[in-house]
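Below is one structure; the comments refer to it alone.
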Amino acid sequence: MDPARPSHIHLLHAQSEPNPFSRPTTPGHHSLQIGFCGLGAMGYPMARNLAKWRNQHVPGSLPILVWNRTKGKADDLLKELGDNMIMVADSLEQVASDCDIVFTNLSNDEVVKSVYEVFAKALKEPKPTKNKIFVETSTIYPSLAAELDTLLSNVPSAHFITSPVFGPPAAANAAQLLIVMSGDYRSKKEVAHLLVPAVGRKIMDLGGNVEKAPTFKLVGNSLILGSLELLAEVFTLSEKAGIGAPLVHQFIKEVMPAPPLINYGEKMLHDHFDGSKGFAIDGGLKDSAHIRKLATELDSPMPALDAAHQHMLTARALHANQVRRGNARFDVLDWSSLVAGARVSAGLDGFDSSKHSKVIPEKE
């Protein structure tokens, strides 16, 4: 067997441990200057947990330098944790020049690319004299990861790894994210021990190709999104059949109690579509667009994903109409609201399941 291409069995064995990397032999974690850019629904709790864990477990650790496009989020984190754990950066250039390790968690590919272009430009002169590691944790298209790696390869001593995360904001808050990594081995080894257990519960190593972790993230998200679509269709059918979604949700708990099915089923069941407390539908549409692009490039049809994408578009259009009329319940929709698309297609109310019994005649 080619040692550079381990078998799937070897890879699965490596993934059985919470952290597949041995501890770095080089001391000095306490003196690392860490930066974190992007304090949205996921980035904020990730940065907060990292800062708190280092403060509690790494004596003498430096405050984390944070940056956000709207400075208010950074100021909120500083106010919450104090200046012994958080410093607010004046600019992206300051983060690039001052930090040894920089994490980014940003909204979309365009923003990610623009931020890394600023990093690369800031490090052209003066060139860094010690190693820097840039860690991209957003959900991006795989080819962008290769572009960023090439961009930073022109900077001496700069390394780039991809490290997208699985889990909703609640998992980020609880430091229970699943983290997948690809890229330079030594950099992954250094970063993995910063992230687990401070930010996540487990690391999965996808090897040296920086495109692999973003690809895996899209594959994983396609499974989650496809499950949401199936839930939406089954719940809608059960409502039309006079069985009711609550009984189906109970069935799921008894027969296939996977946390995503239970948790997202709970949201659909009770019309809890607040995207500010979950995963915003715009992010879901961005991810589904990436997945559909990947599937098209690889000639791998995904009809369930196509249906989910269309139902999210329907839900967003319905919500936009409510906003115009001034009767929207939520400022931002969660991606579980795709059930509205399935409901409307079946002649039911999209966002208010309490109205379903009024349009479905009771069967004898």
Fill in: Over all atoms of both residues, closest heavy-atom pair of S182 and T162
OG-OG1, 2.6 Å
Fill in: Non-neighbouring partners of S187 that pass side-chain hydrogen bond (donor to acceptor under 3.5 Å, both in side chains), sequence neighbours left out
D184
Item to complete: Tell me, with the steps shown, if L81 and R48 meet side-chain contact (heavy atoms from CB on, under 4.5 Å).
Response: CA-CA 8 Å; L81 297 185; R48 182 189 60 210; 3.8 Å; yes
Item to complete: Among Q310, H309, H311, find the residue that satisfies the side chain to side chain donor-acceptor pair (under 3.5 Å) test when tested with E229.
Response: H311
Worksheet item: Heavy atoms, side chains only, cut-off 4.5 Å: are N221 and I291 in contact?
Response: yes
Discussion item. Could you check whether K267 pairs with D334 (Lys NZ or Arg NE/NH1/NH2 to Asp/Glu carboxylate O, under 4.0 Å)?
Written reply: yes
Worksheet item: Are R292 and D306 close enough for a salt bridge, meaning some N to O gap below 4.0 Å?
Response: yes
Discussion item. Go through it in stages, so that I can follow the logic: the residues are V102 and C37, the test is side-chain contact (heavy atoms from CB on, under 4.5 Å), and I'd like the CA-CA distance, side-chain angles, deciding distance and then a yes or no.
Written reply: CA-CA 8 Å; V102 177; C37 298; 4.3 Å; yes
Discussion item. Let's go through V196 and K202 carefully: what are the C-alpha distance in whole Å and the side-chain angles of both, what is the deciding distance for side-chain contact (heavy atoms from CB on, under 4.5 Å) to 0.1 Å, and is it a yes or a no?
Written reply: CA-CA 7 Å; V196 174; K202 185 180 177 69; 5.9 Å; no
Item to complete: Without swapping roles, check the side chain of Q33 against the backbone of D98 for a donor-acceptor pair under 3.5 Å.
Response: no
Worksheet, complete the sentence: Note: L305 and S288 closest approach over all heavy atoms is CD1-O, 3.8 Å
Practice prompt. Before accepting this row, confirm whether a basic side-chain N of the pair D109/K113 lies closer than 4.0 Å to the acidic partner's carboxylate O.
Written response: no
Discussion item. As a quick check of understanding, evaluate salt bridge (Lys or Arg N to Asp or Glu O under 4.0 Å) for R329 and D274, giving each step before the final call.
Written reply: CA-CA 8 Å; R329 288 180 57 198; D274 187 355; over 6 Å; no
Worksheet entry | Residue pair R201, L177: steps toward the side-chain contact (heavy atoms from CB on, under 4.5 Å) verdict | CA-CA 6 Å; R201 59 182 174 85; L177 295 171; over 6 Å; no
Item to complete: Go through the steps for N105 and S138 under the test side chain to side chain donor-acceptor pair (under 3.5 Å), then give the verdict.
Response: CA-CA 5 Å; N105 188 275; S138 321; 4.9 Å; no
Practice prompt. Please report the closest heavy-atom contact between F351 and S337, naming both atoms and the distance.
Written response: CE2-CB, 4.2 Å
Discussion item. Quick one: does any side-chain atom of D149 pair with a main-chain N or O of A145 as donor and acceptor, under 3.5 Å?
Written reply: no
Worksheet item: For V135 and S163, which heavy atoms make the closest approach, and how far apart are they?
Response: CG1-CB, 3.6 Å
Discussion item. Can you tell me which residue among L50, I133, D100 is in a side-chain contact (heavy atoms from CB on, under 4.5 Å) with I34?
Written reply: L50
Item to complete: Please check if the distance between the ring centroids of Y116 and F160 is under 6.0 Å.
Response: yes
Worksheet item: Can you tell me if E80 and Y44 form a side-chain donor-acceptor pair at under 3.5 Å?
Response: yes
Fill in: Heavy-atom pair of closest approach, residues R54 and L194
NH1-CD2, 3.4 Å
Worksheet entry | Six-ring centre of F21, K188 cation under 6.0 angstrom, axis tolerance 45° | no
Discussion item. Within the 4.5 Å heavy-atom criterion, are E117 and K121 side-chain neighbours or not?
Written reply: no
Practice prompt. Could you tell me whether the side chain of T137 reaches within less than 4.5 Å of the side chain of P164, counting heavy atoms only?
Written response: no
Practice prompt. Check whether more than 12 heavy atoms from other residues, nucleotides or ligands sit under 6.0 Å from atom CZ of F251, and answer yes or no.
Written response: no
Practice prompt. Mind listing the closest non-hydrogen atom pair of F119 and A96 along with its distance?
Written response: CD2-CB, 3.7 Å
Discussion item. What I'd like to find out is whether the side chain of Y141 reaches to under 4.5 Å of the side chain of L294, using heavy atoms alone.
Written reply: yes
Item to complete: Please step through salt bridge (Lys or Arg N to Asp or Glu O under 4.0 Å) for the pair D75 and K71, ending with a clear verdict.
Response: CA-CA 6 Å; D75 291 335; K71 189 170 176 287; 3.1 Å; yes
Practice prompt. Take R186 and N131 through the test side chain to side chain donor-acceptor pair (under 3.5 Å) and record every step on the way to the result.
Written response: CA-CA 11 Å; R186 290 185 179 180; N131 284 341; over 6 Å; no
Discussion item. Between R343 and D349 (salt bridge meaning N to carboxylate O under 4.0 Å), is one present in this structure?
Written reply: no
Worksheet item: Has N263 got more than 12 heavy atoms of other residues, nucleotides or ligands less than 6.0 Å from its CG?
Response: yes
